[in-house]
Each structure stands twice: as structure tokens, then as C-alpha cells.
Amino acid sequence: MAEAKTRVREAEPAVTSKALDGARRRAAAAGGVDEATQRAMYRAMLMARMTDERCWLLNRGGKAPFVISCQGQEGAQVGSVFALDREQDWFVPYYRDLAVVMALGMTPEDIFKSVMGRAGEPNSGARQMPSHFGSRKLRIVSQGSSVATQCLHAVGTALASKIRGEKAVSICYVGEGGTSQGDFHEALNFASVHRLPVIMFVENNQYAISVPQDLQMAVQDVAIRAAGYGIPGFVVDGQDVFEVHRLTSDAAARARAGEGPTLIEAKTHRLTSHSSDDDQRVYRPAEEIKQEASEDAVPRFRNQLLKAGVITEEDDKALRAELLAEIDAATEAAENAPYPAPEETLLHVYGEGGPEPDELRGDPRADLGGEA
Amino acid sequence: MAEAKTRVREAEPAVTSKALDGARRRAAAAGGVDEATQRAMYRAMLMARMTDERCWLLNRGGKAPFVISCQGQEGAQVGSVFALDREQDWFVPYYRDLAVVMALGMTPEDIFKSVMGRAGEPNSGARQMPSHFGSRKLRIVSQGSSVATQCLHAVGTALASKIRGEKAVSICYVGEGGTSQGDFHEALNFASVHRLPVIMFVENNQYAISVPQDLQMAVQDVAIRAAGYGIPGFVVDGQDVFEVHRLTSDAAARARAGEGPTLIEAKTHRLTSHSSDDDQRVYRPAEEIKQEASEDAVPRFRNQLLKAGVITEEDDKALRAELLAEIDAATEAAENAPYPAPEETLLHVYGEGGPEPDELRGDPRADLGGEA
Amino acid sequence: MAGLGTHKTVETSAGQMTYIQAIQSAMRDEMERDESVILMGEDVGAKGGVFKATEGLQVLYGDTRVIDTPLAESAIVGVAIGAALNGMRPIAEIQFADFIHPAFNQIVSEAAKMRYRTNGDWSVPMVIRAPFGGGVHGALYHSQSVEAFFAHVPGLKVVIPSTPYDAKGLLISAIRDPDPVLFFEHKKAYRLVKGEVPEGENYSVPIGRARVARQGKDMSVFAYGLMVHYCVAAAEQMAAEDGYSVEVIDLRTVKPLDRPAILESARKTGKSLVVYEANRTLGVGAEVAAIIAEECFEYLDGPVVRLAGPDVPAMPFSPPMEEFFLPDTKRILSAMRRLAAY
Amino acid sequence: MAGLGTHKTVETSAGQMTYIQAIQSAMRDEMERDESVILMGEDVGAKGGVFKATEGLQVLYGDTRVIDTPLAESAIVGVAIGAALNGMRPIAEIQFADFIHPAFNQIVSEAAKMRYRTNGDWSVPMVIRAPFGGGVHGALYHSQSVEAFFAHVPGLKVVIPSTPYDAKGLLISAIRDPDPVLFFEHKKAYRLVKGEVPEGENYSVPIGRARVARQGKDMSVFAYGLMVHYCVAAAEQMAAEDGYSVEVIDLRTVKPLDRPAILESARKTGKSLVVYEANRTLGVGAEVAAIIAEECFEYLDGPVVRLAGPDVPAMPFSPPMEEFFLPDTKRILSAMRRLAAY
Ligand SMILES: Cc1ncc(C[n+]2csc(CCOP(=O)(O)OP(=O)(O)O)c2C)c(N)n1
Ligand SMILES: Cc1ncc(C[n+]2csc(CCOP(=O)(O)OP(=O)(O)O)c2C)c(N)n1
Ligand SMILES: [Mg+2]
Ligand SMILES: [Mg+2]
């Protein structure tokens, strides 16, 4: 009775985008990304990269206790954001997604205030660690630190959109380490049962802090799991901005057409240590680190645009100078910004109708006389 | 660049075993199940069924507040247990698995004591609801009520076996509803990364209480998820005892050979309401209920053995009489068994070195004078 | 769990409802009033919930607003959080409070902290309903009282009504609240407890306010959920047999506690007993006792006494052990008498 | 989180260890002694843990006994439970206590209840280690104190050492304990706190016993973890400047609490202050205060006072807010003085 059951086999090993550089300009054109948008994408990538680099300087200078980086993943981040509609879509990034939030409108000053814990930092009022993004205005759903919880929030935002008959799409970003969490599975399952307009975008940089992919999962491509939910899954070279853009656009179109979720896995590189508290040389081969640095998406995209004539060397130089000036000014503004007042600690625990801030103090309440 | 990425597609829709009754005897023979074992399997199925039926009588008679049933799933349960080695393997059943635990040695008296909350009940000392099985002696890992937690325990037992270089296999049973829990995903992922000797055996009866499969998952076969973990997955007709046996034997052989986990999905029927607290007529079409009853694994297996000459009508009658006598005697013994003493409530919270039972009381501790 | 799932319709006189009818009525009223209210959980649709609390709602509001979810509590809560962020007011049903633990991270790390971690930019208006408590042969995993875990968590509100009137009024407030509210319903009260509920009238009961369930002057007893009824019964007996006047405070909200009400009663009577069926150690009663010990010292005429469930994992199945676990009127009365005699 | 991850080796004099060295030393000794001891968690292998607590252990004992797990806390605990059922003694590391919540169900529903629900047939000898506490710019999710959740759960033990000596001795006891033990390590103490640890000597410190960290007679202060050091410092200052004698009790185990030790000290001094950095409401200090209120009434010369973290979700990142949250020597001293003057 061998014919009486089906062995579910691993799908073909996924092939990542490989150097077809000559074709890429055409693909871009086919993707319908106009030149102005291409320049905007490059600007966003570069701004994120330069802002990120400044954060490390601040860290080394003792001004920022903690930095976690987007470096190496800007291509995947910007390629996907630009495929979506910032007027109506929902963005659910994780800590790695500096280029996502900057593409959506976060500024260097916002970021520097955040790494230095200054008042006016838009994500959390300087309560969260840096890179825990969130902004209602920018349609960025707030993240805590607990890995992969956001997958369910993204699905929930999509459920609400669907209930109200809106055309909005929700995109959720998560690392490949995050896919091991139960919430990742529960999110894909819920979304697929209800055919919700959500894109699960995995940034697979092959490491979760020090844990390499082969200790994280027994498959080459996490995108293969899409089949287990009856949804389409794709693997894409995360350094290939236009290909990421095209796949994300397609996924968004399907979602808006009521065809449900898509799982996209972008193969990316983590060019820095996990964070400023980590030293990846302890657990990664030097050769691999070097190799990945040579495939950096930012210069690659730059060269692509140069080759295609979308920008010139002068444009690039001018852009860098402009960004540097902005970053310098932002650094200074952030350094001069005050800290929040200590008593702000007691605010925003509850909304209206909740206890008064003063009732939340941890101090003795007994009427002891004397000074508190 | 369409060729540059792979769309991970749903595997072929899984084909369940279909009526190839003529071939079945040969398959049985091929599976190498000898006649004595076939009779033992039938006995276990019938004992579970008759014991289960008695539990419902006790429930209707007001003697058992809660019953949850194996009826309809005995074939899958017994077929799988007999493929394993009860001297060394690890069994991690859930509440539906009366036939699993009876095949392993639980007796009708054990079960009746359990449904009536009597002392000496082996699973929990009458602390748990009925059907929350567990017995160190029988190598049955204890279950609580929280659905799917056991998946991780099964993986843990397999990890320990592997660390010590033992050849034991762990089998975990879970309903298709349970596969929606994060723990199911985390268990398969952990087991596959470490190639652990574990069989995940899903009893898909198409309902989780009232929730039908299409609101539980967007795929036809949960076994398709195996591919997402790089492990083999199979769908089998749960009414086909020998086919279940064969697939489970193969999975166990792979596990013992160091080839890691297998996911088996047995399509089964839930012939009763979810439990004695449920009425499935509220949410299931009458036609479906009737249809499934007509495919009941117990008479089907009986007929199969009759046809093959493994048992005769007289054997069957004698077996039923014998079991009925045992069940009657067990019912009486259980009804006459005492309840545990109230103060036993305080025992077995901690092992050696923990607080004394008396320290765990909820009563006032102030020295108030007077009688407590 | 005799009668946990298959229930007859309960007869009530005009203006009267059972506790569970009050809960269902609150949900219906709010779903009728506000389209953004949705309901999600296991078996809440066609089956109407394992206790029938949501019976009929899917017929009224469709399966886009009354959603049978997959069997995954973290998803139920996590998806509800996302929906709340996007304008909905979800009611997430957890089938039994005992099964809220898989969602613990979503509740504690996410829902509770969302407003705070965004400096007020985002908020999560949602209700998590779950039946809790024992006395129905539900054994270890269908009897638990889990409120203390959540009462420790800033950002959450935890409501536990004891009467149909409060059940409806508080659930309405919970649904309209701007923050996540855990709403625990005592499953033994569902059909046991009946009471007046104004019909057709739109009323609500404020979260965070205790209620004097019985006025008294010689001793204060603090309780919530089913225990309130046992405490009132014991207090009546004390009054009748001992001529001793016990005040029973129904806390109603255990997070945030109604500190002024606790202080007022404890100071007035000078003797305090706290009764709860959760595990004694670090149950909500520990906080009540600690508040009294810290803020009523000069008024106390005796120790602050607790009567609670024992520190064993949960209520066993076998009737003698279940009874041993659960505080009842007799044991409450005995504790009252001993404290009175102090 | 300056210095959370990349640390220099700390210089200690002979016989001295840092708190984290003591923890590492306990694991090494026990893994050496007992083959069934295994270690599992995120980044515990090649990286040696984000704090370096497990540094070198994978080199010594191989990757079958020191396992880098997938990023899934429920799996870490659930698999460890299964391994414990099958004869191992797993040490499961949760990278930060803040991330223990995804494993809440496995800890509370499974590990804690296994012995009880099987009438003693099965048991789960395992340790769950996790760094907790604030003061390192870890912000909302790398600073939490989560012990109260688990101290409410029968079947669990919860240990929180404050000194290197106790850290080693208690961790050894935890690994040998027949029941699940949560072992919380104060992350600010890791390199800040140094002390004598007998070298090469096999010793252990019993679980469930408090320690008199400083003898005194006029007031009792109860604390655990880093707060013990602040309390002792404040007590020294009280002695020096006010001539007032404060006893500091290091609880060491918060579940089960050492009730006799608490009662003895509280009765002796008549004045009790409980200090903890967790959220005030229903923190472990609530139970300590409730015990004293119930069982020491006749000995009390003043209210039982608590000084704790505020009831806000967690410690913010920005330095002024982090400071505002965390009790320190100055605020402890002020509370002591006010209670002394009462
Ligand atoms: C629930 C939880 N567990 C552990 C951590 C600690 N932690 C922070 S980031 C990280 C690795 C994440 O890896 P991945 O998801 O691959 O994202 P990447 O950092 O590589 O982009 C870990 C373990 C956490 N933040 N949350
Ligand atoms: C975590 C958890 N959530 C909810 C429940 C309530 N419950 C008990 S059985 C069940 C359905 C299980 O369905 P399935 O896994 O398909 O097993 P079946 O009963 O169909 O064999 C539910 C929802 C539970 N026991 N545990
Ligand atoms: Mg990664
Ligand atoms: Mg099922």
C-alpha cells in the first residue's frame, strides 16, 4: 500500500538570487520602480547606514550604552517598504529595521535621541532600549524586546482591516531566529485560516546572536514552511533591492485582492556583531565575515544605480554630504536635548479612568511622620 | 528573474488510504504482524471500546462527572502502540488515548477508579480529571490538560535517550487542534534540529471540540508541515490498523537508526461528542456523524481478522464475554473503592527537602486561640 | 465536571438574570452598540462557548465578528492585541482561566506594556474573559484561580464580579475601558448565582471600586468572586447566632485594588479577615493584608488574618480533596469567630 | 546596556570570586560530578552565554551536554522537563528573566504540577536560571524582576542569592534538588559583587533558609538579591550615624519563604521594613508583610513598611527614570529612619 499515503517531501532546495547583474536593470524596469523612487530608496538605505554608523561612534564615545544595527540588511528593508503604501498599510518591524523606519520617516535626530535616552524620542519617550520602534503617526506598530510577539500583532492589524473591508496590508518583520518561537507558527496559522492581508517578511541573516541557522532549524529555507499553511512562500536575495521590491509588491497585491498571506524570506547578512554587547569574532569564521562585507547591499545598490545612470558619482557625493550634515546637526541636537524628568516614570501606565500616577509609587505608604 | 527564487508549493494533496480491502491481509502479513499479535491488538481495541462505553454508563448514572472518549480512534492508537517497544520506548499520550494506555497495561479497574475519583487510581491518585494518563511503570508520561504541552516533553525524553546513547523511541500523541499551539511547532523544530528519536503522531478527528478542521488550519493534511522541518511526514487512514502499524514501525526504525523524527497524521473519527459536557449535534451535520459511525475501526478490524481467519465468530464472542466479565468486576471494585482521605490534598507538592504538608494549609496562621 | 457544558435554560423571574446571562447580555448590548467590538476564542461561535456565554452571538453578528479561533491562546490574545491597535475592541475568550498561561507573554509583555512603552502613543483596549474557580469537579486544570499573576502586573486591570448586576455592569465598563482588562468569571457562579439586572437599561459599574456587600462594624472581611457569597452567608450567621456585626467588602476589582475602601473598612472595624480561594501564598489577599498592615497599624485590634486555598498546585478531582481545598461557609465562619474572640 | 555582554576578566584575590564566577563554578563542579547534568539555552555554547556565565563549559562537556537551543523559551523549558522525566538534571538558561514568559505555561502548568498531578509518581528535577534585575540600562525588557509570579506557584522553588558564596552553594543545591527550582541571578551583581568562595571544597547552601546578613535588634529589614547589599550599607550608616541597630535578613529563597526566620527577626525587633525592586503590588514583599501582620501582631511596634519598585511596567531606559525606579541606599536609609522614628 505504498501508494496509499503521501510522503510530504521537502520542496526543491530554494535557489537564491544569484549574480545576474546584467539583467537587473531590466528587472527593475519591469518592477516598475521609477527613477525618482530608485533614488529615494538609495537615500533611505544610505541614511540608515550612516545613522547606524553614527550610533556606533556614540557608543564608543560612551554616550550610547547600547546599539543594535541594521547594517547589511538595508536592501531587504528598503526594498520591501517601498513596495507598500505608507498611507494605509501597517508596518510591524523589529529592532533590526532601522532602514524600514527611516524609509517611513523617522529622522536621525529621533534615532540619536533614542540611543541617548533623551526626551522627545518618538518611540517610547526614552523608556525602551534603542531600536524598539513605534509610531502611530508613521503607522509603525510598537515593538517590545520579546522576539516574535509582533507576528501576532501584525496578523491582528490585518484582521481588523479585513473586518472593516479596508484594503490595507500589514507587513511583519522578524529574524530567522524568531521563526522558532511558537508565536511565529500561531501567526501564520491564524493568518492563513482567515486569509488575512499580511506579509511575513523574514530577514534571515543566519545568526540569532551566536546561534547559527543549522542550530535554529533543520531546513535551508524557512520559506518552505509556507506550504504547511497553504500559502505562497518565497526566498529572495536580500541584497537584491528590486527583487525584494517585486516580490513584496506581488504579495501586497495578492493580499489586497483577498488572497491572503505570503511568507517571504530574504537572505541577508549581519555585517556587525549582534549588538554593541556582542563580539561576533568569538563564534563566526573571519572568512565568512569578510565575505559578507564584500556583498554589502549599500555599495551594491549604489553601483547598480550608477551603472544604470539613475545617479551619478556627483549625486552620490552630494547626497552623502547632505546626509552627513543632517546627521551632524542631529547628533548635536540630540546631545543637547534634556533627559525626561524622573517623575515621568509614573506616567502612561493607564489611560483615562486608571489610577493616578502618585498611587503607583513604590515608596512606603504608612503614615510614619517625617520626610518621605 | 522568475528563475531566481523558488516558490515553495504545497506538496501533492495527501491521499489517504482507501478501501483496498482485498490487499489488506497481505499488507498485514507484509507488515510482519503475527497472528497472536493481531489478536492482542484486537483485544486491546475492544477492551478500550468496552471500557469507554462503561464510562458513559457511569456518567449517565451520575457516578462519573466527566467522560472523554477514545471511540473511533482505537485503530490508530493500537496500531501505533504495537509498533513500539514497551520495554524501552516512551509513550506520551493525550486524553483521547484510552486504547494506547490500555494496550500498555492499564486496566478497566484503573480507569473506573479514575472516572469515579477513587483512591488507588494510578494516574494521579484521583487528583486529575479522568483520562489524564500517566504511569512511570508503564512508561506513560503524565499529561495535564493544557493541550500540546506534551509535544515538548516527548522531545525532551528523546533528547535524554539520545544523550545517553540509548535506542529508545518516544512517541507523542496530539489532536489536530493541538497542532495549532506554539509548542507543537517548537517541538518539531527542536526535534528536527537535533535529529531526535521521536514520532509525532497526530490523531486528526477533524474537530477540536466544535471547531472544524478548516477553522483550525488552511491545509488538508497537517503532515505537510513535516517538510518545513526537513523530516518525513505521512498521512494514514487511522481506521487501517495495519497501515498505521507499518508506518509507525518504519518511523521507529528510522528513529532508532539515528535518522530523527517523523510526523504521522492519522485521519480518525470522533464517534462521540467531545466529552460528556458536549453535544456534537449542535455543530456537526447528522449525516457526517452517521457516516463516520459506519466506518468505525473496531468492527472493521474485527471483520478483517474474521475474513483472514485470524479469529472466529466464537473467539470474538468469547472475548467479549471475558472482557464484559472483567469490566463488570472492575466496575464493582471501583465503586467499592474508597475516596482518598481529604488531607491527602497536602501531599506530593514537593519531594524530599521541601516544606512539610502542614505548612501548605490555607487556613489562618495567626495564633488566635480557640479551635482551628 | 458535571454540567460544565450541557446546560438547561435556567428559569429566572422578571428582572432577574443568572450571572452568565448577565455576561452574555453585556456582550450583546455592547456588540449592538459598537461595531468595533468583536469576540474571539475557541468554540465561541456555533457552539456558543463551552459554558454557553456567547450563545447566539454568532447568529446575530456573523462569523467575522464572532470568531472561532484555532486552538492557540497566545494567538487569541496576540491577534486581539493587533486588532485593538487597529481600532477594534476585541473580547478574547480563554476557555478556562487555567489555559491563559500560553498567552502569558502576550498579556504581560505586550498588552500590559504597550501604552507605557510608547509613552502613551499606542494603547490596547481589549478584554480577556475567562472562567475561573473551583467547586465543579474540574480538577487541577479546570478550577484554578489565576488572578494574582495578573494583579501583580502594572498596565493591566483585573475584574472579578460576584453578582449578575456587577457582572454586566463591569463587563460593559471593561469593554469600554481604554486599557486591557482581564475579566474573570467564577464558573460555579454562572448558574448558581441569580440577581436583579435592570433590563433594557444602559448602566455600567466602574472598574476599581469595591462594594460593601454587607454592612457591619466589628470586623471587615475582604473577598471577591464566589467567596463573597460564602462570606455574606457566614456573616449573616454570625449576626444571627453571635450578635456580631461583620462587614463584607466585595473587592470586585483586584487590580487596581480600591485602597480607600479597604482602608476605610479596616480602620473602622479594627479586625480584618481576607478570604480567597487562590493559593494562599502571594494570592491577592497577601496584598490586601500588606496594605492593611502598612496603613492601618494604629487602628488594628487584632492580626490581619487570611483564609485561602492551600499552597498545593490546584484543586484535586476527587470530591473529598476538592472540598478540602475550597474555603466554604463553615470554615469562613470558624475563622470569623476565632478572630472575633481575639 | 553598557557592559552587559563584552566583559573583561575580573581580578579577584585568592579565594575570592565574583558572583558570576561562583555561578559558573557551581555548574562546572556539578557537570563534572554528575553526567546527568546538562545545560541548555540560547547562546550558552560557543558564546558562553550573553553574560559569559557558561563560558568554557561546552569545550569541557561537549555540545551534547551544553546545547545551544533554538530561540524558543517554551521549548527550552518543555524539552528540559522531558529530559528530566527521563533521568537527566537539566539546567535551562533563560537569557533574561524578562523572556521567561513564553515558557510560563510549561513552568506553571507542567513543571510545577508534575509531582502533584501524578501523586508522586513522576518528578521534574531541573533548574531554570535567569538573570534578573535592573540598574544596567537594560530598560523595560532587560531589567525585570519576575520572581513574584513564580513564588505564587506551589510546586516551584525560587532562589535568589545575593553573594558569591550563596550563589554557588545554592546553585549546587538547586541542581541536586528533586523539584524544579527557579534560580534568579541579579545581573548587576554579576561583576559588582565579590566574596569568599571556598575553593575545591564541595559545599552547598540549603534552599529555604534565610540568612542574617547583618545582626541587629531595633528593626528588621527583609530583602533579597542586590537589594541586600544596599540594605546592609544603609544599616551600617544607620549604626554609624544614628546609633540605631538594624538587622538585615537576606531571604535567599523566596519560595518557600523561611517563615521561622522571618517571624523570629520580626518578633525580636518589632519593626519591619521589606525592600524589593520588583513592582510593589503583590511583589514577594507583600507576602512577607502579610506573614508578619498575621503572625507577629502582638510584637509589632510599628506598621510593616514596604519600599519597592513602583507599579509601572518596568524600569525605563533613560538614566533619570531608571534611577527613579530602583530603590537605592539613600531611599532605603530614609525609609529606615522614618520607621525608626515611628
Ligand atoms: C523571547 C526572547 N528570547 C530571547 C531574547 C534575546 N535575544 C534578543 S535578539 C536575539 C536573537 C534574534 O535572532 P534573529 O531572530 O535571527 O534576529 P537577528 O538579531 O539575527 O536579526 C535573542 C536571542 C529576546 N529578545 N526575546
Ligand atoms: C491550552 C488549552 N486550551 C484549551 C483547552 C480546552 N480544550 C480541551 S480539548 C480541546 C480540543 C482539542 O482538540 P484536538 O487537539 O483536535 O483533540 P481532540 O479532542 O479532537 O482529540 C480544547 C479546546 C485545553 N485543554 N488546553
Ligand atoms: Mg538572525
Ligand atoms: Mg481533534
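Since this is a predicted model, take the numbers as computed values, not measurements. In what follows, every chain begins at residue 1, and chains take the letters A, B, ... in the order their sequences are listed.
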*Under 4.0 Å between a Lys/Arg side-chain N and an Asp/Glu carboxylate O for A:Asp296 and A:Arg302?*
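Judged by the 4.0 Å cut-off on N to carboxylate O distance, A:Asp296 and A:Arg302 do not form a salt bridge.
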*Which of these passes side chain to side chain contact (heavy atoms under 4.5 Å, CB included) with B:Asn205: B:His274, B:Glu176, B:Lys267?*
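Passing option: B:Glu176.
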_Under the side chain to side chain contact (heavy atoms under 4.5 Å, CB included) test against B:Leu247, which residue among B:Val236, B:Val235, B:Thr262 passes?_
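Checked B:Val236, B:Val235, B:Thr262 against B:Leu247; only one passes side chain to side chain contact (heavy atoms under 4.5 Å, CB included): B:Val236.
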_Can you tell me which of A:Ala187, A:Gly182, A:Gly260, A:Ala191 forms the most heavy-atom pairs within a distance under 4.5 Å of chain B?_
A:Gly182
_Can you see whether B:Glu203 engages B:Gln77 through a side-chain donor-acceptor pair at a distance of less than 3.5 angstrom?_
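Side-chain D/A pair, B:Glu203 to B:Gln77: present.
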*Looking only at heavy atoms, which of residues 150-163 of chain B get nearer than 4.5 Å to chain A?*
none
*Among all residues two or more places apart in sequence or in another chain, which pass the side chain to side chain contact (heavy atoms under 4.5 Å, CB included) test with A:Glu292?*
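Here the qualifying residues are A:Gln206, A:His269, A:Leu271, A:Arg284, A:Glu288.
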*asked:* I need the B:Thr179 OG1 to B:Gln181 CD distance, nearest 0.5 Å.
replied: 9.5 Å
*Parallel, tilted or perpendicular: ring planes of A:His185 versus B:His185, cut at 30 and 60 degrees*: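 Parallel.
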*Are any side-chain N or O atoms of A:Arg254 and backbone N or O atoms of A:Glu259, one a donor and one an acceptor, separated by less than 3.5 Å?*
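Side chain of A:Arg254 to backbone of A:Glu259: no pair is present.
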*Scan B:Arg246, B:His245, B:Gln239 and name whichever one has a side-chain hydrogen bond (donor to acceptor under 3.5 Å, both in side chains) with B:Glu243.*
B:Arg246
*Per-residue contacts, residues 192-202 of chain A versus chain B, heavy atoms under 4.5 Å*: A:Ser192, A:Val193, A:His194
_Partners passing ring pair (Phe, Tyr, Trp, His ring centres under 6.0 Å) against B:Phe301 (at least two apart in sequence or in another chain)_ =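 For B:Phe301 the ring pair (Phe, Tyr, Trp, His ring centres under 6.0 Å) partners, ignoring immediate neighbours, are B:Phe242.
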